[in-house]
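Only one structure is covered here, and it is reproduced in the block below.
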Amino acid sequence: MIRRPPRSTPKPSSAASDVYKRQAVSLVYGLAAMSSRVTAVAIDATEFPDLAQRYQVTGVPKTVVNDVVEIMGNKPEDEFVEEVLRVVI
């Protein structure tokens with residue numbers, strides 16, 4: 001199998017994006033703890049470039065729900081939960 005090079009070189013994380021990533025991961029893990037319909041896995045795109053390419057990660061945080069819905073960036077908690085639940089319920 002021939003692998004294409006990544007579309008862009010990952011940029012170093014900024015402090016703000018680190019905060020957003022932690023918030024998104026915490027929220028998704030919280031949803032998973034509250035519902036058996038939600039399973040959460042956090043992946044560092046720089047450590048798993050194949051997955052980052054597969055899901056076309058161009059910024060963080062990026063949340064993919066059942067390969068159907070993609071949530072880019074940081075959103076208010078109620079909007080984030082609504083988007084996730086729309087797919088899993």
Side-chain angles (χ1 to χ4, degrees):
M1 179 161 115
I2 299 173
R3 297 191 188 275
R4 294 183 188 153
R7 293 183 188 162
S8 64
T9 304
K11 298 176 184 173
S13 295
S14 70
S17 71
D18 288 344
V19 169
Y20 296 145
K21 287 185 281 189
R22 285 193 300 272
Q23 288 174 343
V25 168
S26 177
L27 185 54
V28 168
Y29 281 145
L31 289 172
M34 292 188 302
S35 174
S36 62
R37 294 181 179 202
V38 178
T39 302
V41 178
I43 299 197
D44 184 328
T46 60
E47 292 184 23
F48 297 92
D50 290 347
L51 287 174
Q53 187 174 4
R54 174 180 172 192
Y55 290 103
Q56 300 175 350
V57 175
T58 58
V60 291
K62 180 173 186 175
T63 305
V64 180
V65 183
N66 292 350
D67 290 333
V68 176
V69 171
E70 297 181 358
I71 304 169
M72 281 297 299
N74 196 32
K75 291 195 171 209
E77 185 174 332
D78 57 338
E79 288 179 32
F80 187 90
V81 170
E82 184 179 311
E83 288 190 44
V84 171
L85 294 180
R86 191 173 333 141
V87 176
V88 298
I89 292 181

Checklist entry - Hey, mind stepping through Val64 and Val69 against side-chain contact (heavy atoms from CB on, under 4.5 Å) and telling me if it holds? => result CA-CA 6 Å; Val64 180; Val69 171; over 6 Å; no

Item to check | hydrophobic_cluster_shared for Val68 and Leu51, side chain cutoff 4.5 Å | outcome: no

Checklist entry - Do any pairs count as a side-chain hydrogen bond (donor to acceptor under 3.5 Å, both in side chains) and have a residue in residues 69-78, sequence neighbours left out, and if so which ones? => result Gln23-Asn74, Lys62-Glu70, Lys75-Glu83

Next on the checklist: Would you say that Val65 contacts Thr63 through its side chain, given a criterion of any heavy-atom pair below 4.5 Å between the two side chains?
Outcome noted: yes

Checklist entry - Can you list the steps and then say if Asp50 with Arg54 is a side-chain contact (heavy atoms from CB on, under 4.5 Å)? => result CA-CA 6 Å; Asp50 290 347; Arg54 174 180 172 192; over 6 Å; no

Checklist entry - Where is the tightest heavy-atom contact between Gly59 and Met72, given as atom of each residue plus distance? => result O-CE, 3.8 Å

Checklist entry - For Ala52, which residues count as a side-chain contact (heavy atoms from CB on, under 4.5 Å) partner, sequence neighbours excluded? => result Ala45, Val57

Next on the checklist: Restricting to side chain to side chain donor-acceptor pair (under 3.5 Å), what partner residues turn up for Asn66, sequence neighbours left out?
Outcome noted: none

Next on the checklist: Taking the side chain as everything from C-beta on, heavy atoms only, tell me whether Val60 gets closer than 4.5 Å to Tyr20.
Outcome noted: no

Next on the checklist: Hydrophobic clustering (ILVMFWY, side-chain heavy atoms < 4.5 Å, transitive) - are Val19 and Phe80 grouped together?
Outcome noted: no

Checklist entry - Can you check whether Glu79 reaches Val84 side chain to side chain, under 4.5 Å on heavy atoms? => result no

Next on the checklist: Applying a strict under-4.5 Å side-chain criterion to I, L, V, M, F, W and Y, I'd like to know whether Ile71 and Val88 cluster together.
Outcome noted: yes

List the atom pairs, donor and acceptor, that lie under 3.5 Å between side-chain atoms in residues 29-43 and the rest of the protein, sequence neighbours left out.
{"residue": "Tyr29", "atom": "OH", "partner": "Ala42", "partner atom": "N", "Å": "3.2"}
{"residue": "Ser35", "atom": "OG", "partner": "Arg37", "partner atom": "N", "Å": "3.0"}

